[in-house]
Protein chains: 6
Amino acid sequence: MSAPPPKPVLLTGASGNLGRMLARELGAAGWTLRLTDIAPFPDPLPPGAVFVRADLNDGVALLRQAEGCGALLHFGGVSVERPFEEVLGPNLRGLYHVYEAARRERARVVFASSNHAIGFHERPREGEPRLDLDCAFRPDGYYGLSKAYGELMGRLYWDKHGVENVNLRIGSCFPKPTDARMLATWLSYPDLVRLVAACVAAPRTGHAVIWACSDNPRSFWGRDHRERIGWRPRDSAEAYRAEVEGRLGDPVAERYQGGAYASIEYSRAAPSPRDPFALE
Amino acid sequence: MSAPPPKPVLLTGASGNLGRMLARELGAAGWTLRLTDIAPFPDPLPPGAVFVRADLNDGVALLRQAEGCGALLHFGGVSVERPFEEVLGPNLRGLYHVYEAARRERARVVFASSNHAIGFHERPREGEPRLDLDCAFRPDGYYGLSKAYGELMGRLYWDKHGVENVNLRIGSCFPKPTDARMLATWLSYPDLVRLVAACVAAPRTGHAVIWACSDNPRSFWGRDHRERIGWRPRDSAEAYRAEVEGRLGDPVAERYQGGAYASIEYSRAAPSPRDPFALE
Amino acid sequence: MSAPPPKPVLLTGASGNLGRMLARELGAAGWTLRLTDIAPFPDPLPPGAVFVRADLNDGVALLRQAEGCGALLHFGGVSVERPFEEVLGPNLRGLYHVYEAARRERARVVFASSNHAIGFHERPREGEPRLDLDCAFRPDGYYGLSKAYGELMGRLYWDKHGVENVNLRIGSCFPKPTDARMLATWLSYPDLVRLVAACVAAPRTGHAVIWACSDNPRSFWGRDHRERIGWRPRDSAEAYRAEVEGRLGDPVAERYQGGAYASIEYSRAAPSPRDPFALE
Amino acid sequence: MSAPPPKPVLLTGASGNLGRMLARELGAAGWTLRLTDIAPFPDPLPPGAVFVRADLNDGVALLRQAEGCGALLHFGGVSVERPFEEVLGPNLRGLYHVYEAARRERARVVFASSNHAIGFHERPREGEPRLDLDCAFRPDGYYGLSKAYGELMGRLYWDKHGVENVNLRIGSCFPKPTDARMLATWLSYPDLVRLVAACVAAPRTGHAVIWACSDNPRSFWGRDHRERIGWRPRDSAEAYRAEVEGRLGDPVAERYQGGAYASIEYSRAAPSPRDPFALE
Amino acid sequence: MSAPPPKPVLLTGASGNLGRMLARELGAAGWTLRLTDIAPFPDPLPPGAVFVRADLNDGVALLRQAEGCGALLHFGGVSVERPFEEVLGPNLRGLYHVYEAARRERARVVFASSNHAIGFHERPREGEPRLDLDCAFRPDGYYGLSKAYGELMGRLYWDKHGVENVNLRIGSCFPKPTDARMLATWLSYPDLVRLVAACVAAPRTGHAVIWACSDNPRSFWGRDHRERIGWRPRDSAEAYRAEVEGRLGDPVAERYQGGAYASIEYSRAAPSPRDPFALE
Amino acid sequence: MSAPPPKPVLLTGASGNLGRMLARELGAAGWTLRLTDIAPFPDPLPPGAVFVRADLNDGVALLRQAEGCGALLHFGGVSVERPFEEVLGPNLRGLYHVYEAARRERARVVFASSNHAIGFHERPREGEPRLDLDCAFRPDGYYGLSKAYGELMGRLYWDKHGVENVNLRIGSCFPKPTDARMLATWLSYPDLVRLVAACVAAPRTGHAVIWACSDNPRSFWGRDHRERIGWRPRDSAEAYRAEVEGRLGDPVAERYQGGAYASIEYSRAAPSPRDPFALE
């Protein structure tokens with residue numbers, strides 16, 4: 001990993017699983033971190049880090065925490081499928097606060113988007129092309145919809161205010177794969193840490209999109225902005241194949257990239273079309 | 001216009017300019033209308049129409065108004081650029097309520113989206129291709145972003161629940177064009193009435209997108225789903241050319257399709273790139 | 001217990017004491033359960049059951065959980081005397097959401113009402129008649145008032161929309177009686193389970209009221225709709241007489257049916273009259 | 001009218017139609033009035049009166065306005081059928097505030113209840129008995145339900161705290177009858193003024209219920225507490241018979257005492273039973 | 001008036017009486033104004049001015065409006081005595097937003113404080129000293145208390161962040177005096193305009209306090225920071241003496257500097273002591 | 001300690017550290033206590049005590065708890081520096097509710113104010129005078145500002161309504177000193193208990209201010225109203241000198257009386273002036 005960034009970096013969602021891991025690793029790498037979450041931070045603070053407990057709904061507090069930061073790593077908000085009302089405040093309003101902070105600071109946003117923003121694309125069959133960064137959004141729930149909203153918020157702030165942002169469409173970021181789908185979607189912790197570091201270090205990013213999974217041969221995803229960022233994954237889910245390849249979901253989950261999220265309350269008579277604009 | 005639809009039709013935003021016009025015209029065509037708005041309905045009720053004053057934030061009330069309806073014409077919510085907090089409730093939460101209602105009723109949604117969902121695309125120069133329906137979203141403000149969100153909400157409900165929806169990217173719907181940009185974007189009232197009627201009457205729509213402007217030779221927009229809907233505009237802005245063609249906006253407004261909305265608080269050093277994913 | 005109901009059954013308040021017991025017993029009896037509560041469900045899910053954590057204040061979420069259900073067992077909300085503001089949302093607004101859901105689904109409501117809706121009736125003295133189902137409401141606090149409100153909400157939905165509902169005026173539902181008053185009011189867990197099952201299985205209920213206590217010889221309560229429901233209690237508090245009969249409350253608690261709830265902040269100079277309409 | 005009451009009297013809803021009329025008449029009779037409403041008071045203030053604009057949701061403000069008052073005339077809140085959410089705050093929470101104020105002041109409450117609290121009783125046919133004060137509540141909507149709630153709040157405060165309250169089940173209080181139903185339900189303005197004055201002047205009221213209509217031969221209503229209050233109506237709707245007797249509502253409205261309120265969104269297959277507890 | 005300030009100036013409360021007057025006069029003097037209010041701006045916009053309708057409760061919006069401003073003229077919020085709940089949001093929360101904006105912009109705050117922050121000081125009798133800037137706060141109501149809070153917020157931001165602020169304890173700013181008390185407290189419109197201009201133009205202010213009244217011989221107030229600001233009033237109430245000198249208030253109002261505000265709901269047995277810390 | 005007070009005493013914040021200690025000690029001394037907190041009370045209830053869990057935002061509930069009380073010990077609310085939004089409800093609104101309750105009951109308020117209301121005064125150097133009770137407020141954060149607001153609320157209610165109140169500017173109340181600053185600011189638990197008892201027992205207090213620290217030779221604080229209250233501290237921090245005297249904070253913390261609170265987000269270029277009104 002390159003030298004620590006010259007300015008402090010704000011990390012939202014610091015008390016979540018990915019947040020804690022990032023805080024630990026980036027802190028150990030010498031970064032000056034500002035940590036925030038609505039829940040208390042359960043670990044020892046990394047050296048030089050500050051933690052402020054706050055609600056993403058409180059925009060003025062967030063703007064203040066971001067003062068002087070060069071990058072905002074936005075990993076906060078609801079991170080699983082939940083009723084709409086629970087998503088609205090932390091995810092939709094929270095994104096607005098993060099982008100207002102970035103605009104004020106002329107800081108870059110690294111946004112923990114998700115494959116669930118495009119989860120209703122079918123998985124590619126043998127020989128079919130993988131999905132590219134310019135595919136249509138096809139969210140698979142209110143959570144995924146909030147992630148698409150976040151990417152478009154990023155596009156708006158780039159177009160209107162020149163705020164740079166990198167949108168990490170995270171696949172499945174866990175210590176190791178736990179089901180067959182993760183042979184495609186798994187992102188190792190070290191690959192995420194290097195990705196975040198690259199996003200912050202890149203000289204220019206514009207509005208960028210990254211398929212955030214490890215170097216998995218079965219990945220669903222193709223072209224993105226990794227060259228612009230200067231990142232390549234090093235790990236691969238394939239090492240876990242024997243362990244997980246029989247662990248399948250229901251037929252809806254297996255058909256769509258979003259997996260089990262797609263099948264939550266799925267009520268369609270026939271599968272939705274491959275082409276998002278097609279009639280059937 | 002074809003025969004009135006067999007089931008009642010709910011119209012949100014009924015007390016707004018477009019809502020009042022649609023209520024009058026569709027009522028006169030024999031439709032059974034349910035009208036709702038947060039503001040009182042200022043006109044005489046069309047025959048057979050019912051008006052219920054209610055807030056789009058009140059989802060249970062909206063679900064009830066929609067009972068038995070075959071189509072929901074969603075023209076409610078904030079309809080101009082406003083601070084984010086004012087957009088959140090009526091536009092974002094309101095959309096969720098409208099789609100939950102449609103899912104319950106197996107009704108079709110006709111959504112008053114807007115060109116401001118793609119307003120940061122540059123205007124096509126002489127000989128350049130027009131924008132097609134599968135272009136990337138490039139919202140030009142919080143209002144436009146709420147419209148993109150609404151189209152993606154429609155895509156989610158189509159993919160997950162088979163709820164049909166037609167998204168009208170309305171250009172500029174006024175009695176007549178009032179500035180030069182409207183030579184491209186103007187939508188006449190009669191064209192809108194016929195479009196809405198076609199959306200409701202079409203046998204199948206899936207998730208459809210319509211560039212809702214009249215038959216303007218200078219239109220920015222190309223391919224869409226009008227054949228699926230069975231609609232063609234009949235009016236044209238060109239008749240008003242002499243009257244308006246000198247009425248230009250500032251350079252930012254003139255460069256982008258969203259016009260003056262794009263230049264509200266515009267703070268970019270250099271114009272944003274043509275390609276939404278490009279670095280510069 | 002009869003065969004499981006043909007349609008799923010929604011149980012609110014599933015994480016409370018009665019909710020957990022009902023989930024376990026009805027699940028074991030083969031019912032298809034939808035469970036919901038604002039608190040996480042602490043037990044293993046019964047086979048076939050689904051749990052959704054949600055707030056009774058979120059009506060659209062509740063309406064969705066109820067889709068396809070044939071009966072709603074409403075055991076959620078605040079279940080003890082609390083300041084008014086804490087009762088308002090979950091109990092008053094929550095009831096509206098439950099009844100809107102029932103109306104939409106043409107489902108039957110089984111409502112955990114309470115003796116505290118009539119708790120200011122005096123206890124019958126030796127030889128005096130017991131209270132019948134058509135006695136006046138005499139709530140003994142904000143909690144009891146919310147239960148009376150719920151019964152009247154049931155009456156409104158029955159009169160206006162034909163929604164059937166059974167209102168269980170639960171006495172004291174605990175594993176066993178713990179004070180002398182419960183010799184009259186105790187309801188055993190098995191009697192409650194059979195009662196709920198009977199309420200769901202009954203061919204027609206209309207708007208029904210049940211004195212939900214076991215077959216206690218000292219019961220305060222007489223005639224109700226148990227024949228319509230097809231239920232009779234089998235247990236009796238009398239078996240516990242020796243254990244509890246000296247455990248008395250203060251004089252106000254001993255005078256009124258609601259017991260200790262009646263004496264919370266009681267400030268009357270003289271006892272309130274027997275007849276709810278009497279001057280003194 | 002008797003001498004003005006010795007202590008000030010608080011009137012909520014002072015800016016509504018009945019509130020303005022009462023303020024004018026009671027003010028002219030020499031009462032010391034405190035007036036409050038969420039809307040400005042549009043008339044000249046009666047001599048000695050004070051007006052404070054406030055929201056019934058603001059309990060601490062209401063408690064303060066009530067200080068030193070001997071009677072609270074509660075005419076505030078939503079006074080027509082509205083979506084539940086609009087009724088909740090001013091009517092349900094508002095009632096709690098009014099009763100807390102009355103308890104603190106040991107003041108009497110005169111509550112503008114409504115016939116809509118019992119509106120789903122059928123109208124009596126020729127020779128059938130009229131409804132007595134101890135009939136069951138049968139609200140005909142959320143508004144009527146809030147009035148039943150208010151009467152039961154009164155019963156609770158009487159039973160628990162000895163707060164006296166008179167519940168006026170107002171029929172139709174307008175300058176003159178405007179449809180055939182009002183031949184039964186009309187209450188003249190002078191009869192209301194005298195009734196309110198009698199409620200305040202009565203030496204003791206306990207928890208009382210009054211059928212608040214004029215001396216109409218066709219009244220639906222019978223026995224109540226008017227003797228306890230010392231009031232008899234003097235006017236009669238019969239004088240307007242010729243003018244209004246053909247003005248009928250729809251069949252549902254004509255069947256039930258609540259009239260047009262009963263038919264709002266009425267969706268029962270068959271009429272609801274005469275007996276509120278009957279199966280059909 | 002000196003040259004217009006080099007940076008834009010934000011004026012809150014622009015649609016109020018003083019706000020409109022300041023907008024007109026400062027706009028005419030060539031200032032670049034940003035205007036905001038929760039109510040629409042009723043006048044033609046001054047040249048170069050922008051108006052954004054927004055709520056002082058919306059802090060992120062306010063921070064944005066303040067971007068690039070060199071001074072914030074805070075005239076917004078509730079400007080008369082109102083129930084506490086109505087003061088809380090616009091005045092207390094609003095002040096926090098204004099000061100956060102000023103800190104971000106390193107801008108100076110000119111705060112429309114009020115004599116009601118010290119309104120419970122007695123009026124000086126013949127020969128007694130006038131009140132100096134370091135007198136204790138003695139607010140005469142919730143409004144005055146919010147002004148004292150604002151001055152202390154200013155002190156906090158000065159001490160902690162070096163944000164400069166001038167607190168104008170405005171007496172009675174009207175076109176001309178309308179009662180006898182204003183012979184002491186009147187501030188003419190031109191004097192206010194010159195004062196505001198001086199506050200913005202002063203090279204350094206620190207945390208300053210100004211008795212904002214005209215050059216009235218009967219003024220209650222003495223030493224303040226006017227020399228630091230470089231301002232002296234030019235008008236005098238004395239010219240209106242004959243017109244108003246008999247217009248007196250009640251004895252409480254006449255005793256205290258806050259006048260009629262002091263007597264709103266005044267309930268003390270004996271007058272409060274001269275010394276704010278004295279026992280009696 | 002003198003005899004228990006004749007009337008019940010309400011203690012807010014009863015579940016906090018100081019609240020629990022006071023409940024235990026005052027309960028053991030025979031006081032009749034009403035305890036309240038938003039968190040459950042974790043200890044056995046003292047004899048005769050009642051605990052009601054409630055939110056300080058719920059004013060009507062607080063007014064009710066205070067009924068019949070002769071003194072309100074207000075130790076509730078946020079007790080450390082927190083983002084503004086978290087301070088607003090419990091501390092600012094909560095104070096209003098406490099004072100309205102006191103006014104209604106003609107009760108005395110004992111308010112747990114704090115040295116942080118004046119924390120930006122510099123610590124006195126050798127030979128310099130200590131701070132007296134009439135020093136200017138110089139809050140060192142939002143928490144300290146809420147305490148200054150509370151003292152001024154007390155002054156308002158004293159001036160306008162004759163409500164007596166004693167404002168304890170608590171230094172550092174812990175079992176024993178834990179750093180060098182507490183050699184000046186420490187208040188022992190027994191000294192606090194005696195102080196509270198004295199505040200309640202004093203025949204008259206008016207609006208009083210107490211520097212609530214033990215008899216520490218290094219105290220920053222001088223003259224106050226302790227004689228009026230009849231209290232003198234008996235303990236001293238000096239006994240702990242050896243243990244703590246090397247435990248210093250950062251230079252900002254060491255300069256100002258508020259210690260570490262002053263240095264939270266401190267961003268001044270140069271130290272703030274000694275004189276609160278000075279330019280520099």
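Chain identifiers are assigned alphabetically (A, B, ...) following the order of the sequence lines, protein sequences preceding nucleic acid strands; residue numbering begins at 1 within each chain.
- Taking all atoms of both residues into account, the shortest heavy-atom contact from D:Leu279 to C:Arg228 is N-NH2, 3.3 Å.
- In terms of heavy-atom pairs under 4.5 Å with chain D, the best-connected choice from C:Gly206, C:Ala269, C:Gly162, C:Ser263 is C:Gly162.
- Using a 4.5 Å cut-off between non-hydrogen atoms, the part of residues 129-152 of chain C that approaches chain D consists of C:Leu133, C:Asp134, C:Ala136, C:Phe137, C:Arg138, C:Pro139, C:Asp140, C:Gly141, C:Tyr142, C:Leu145, C:Ala148, C:Tyr149, C:Leu152.
- Between the CZ atom in C:Phe84 and the CG atom in D:Leu92 there is a gap of 6.5 Å [rounded to 0.5 Å].
- Taken to the nearest 0.5 Å, the CG atom of C:Asp159 stands 8.5 Å off from the NE2 atom of D:His121.
- Between D:Tyr157 and C:Ser267 there is no side-chain heavy-atom pair separated by less than 4.5 Å.
- Ranked by heavy-atom pairs under 4.5 Å with chain D, the first of C:His207, C:Arg93, C:Arg103, C:Met153 is C:Arg93.
- Note that CD of C:Glu265 is 6.5 Å distant from NE2 of D:His161, once rounded to the nearest 0.5 Å.
- Heavy-atom proximity under 4.5 angstrom to chain D picks out nothing from residues 65-73 of chain C.
- For the salt bridge (Lys or Arg N to Asp or Glu O under 4.0 Å) test, residues two or more places apart in sequence or in another chain that qualify with D:Glu164 are D:Arg108, D:Arg204.
- When the side-chain contact (heavy atoms from CB on, under 4.5 Å) test is applied to C:Arg255, the partners found at least two apart in sequence or on another chain are C:Glu122, C:Pro271.
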For C:Lys160 and D:Tyr261: C-alpha separation, side-chain torsions, deciding distance, then whether side chain to side chain contact (heavy atoms under 4.5 Å, CB included) applies.
CA-CA 10 Å; C:Lys160 197 160 207 165; D:Tyr261 278 50; 5.7 Å; no
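- No part of C:Tyr256 comes within reach of chain D, as not one of its non-hydrogen atoms sits under 4.5 angstrom from that chain.
- Neither the backbone nor the side chain of C:Val252 has a heavy atom closer than 4.5 Å to any heavy atom of chain D.
- With a 6.0 Å cutoff to the six-membered ring centre and a 45° limit on the axis angle, D:Arg155 counts as a cation-pi contact of C:Phe277.
- By the 4.5 Å heavy-atom criterion applied to side chains, D:Pro83 and C:Tyr96 are not counted as neighbours.
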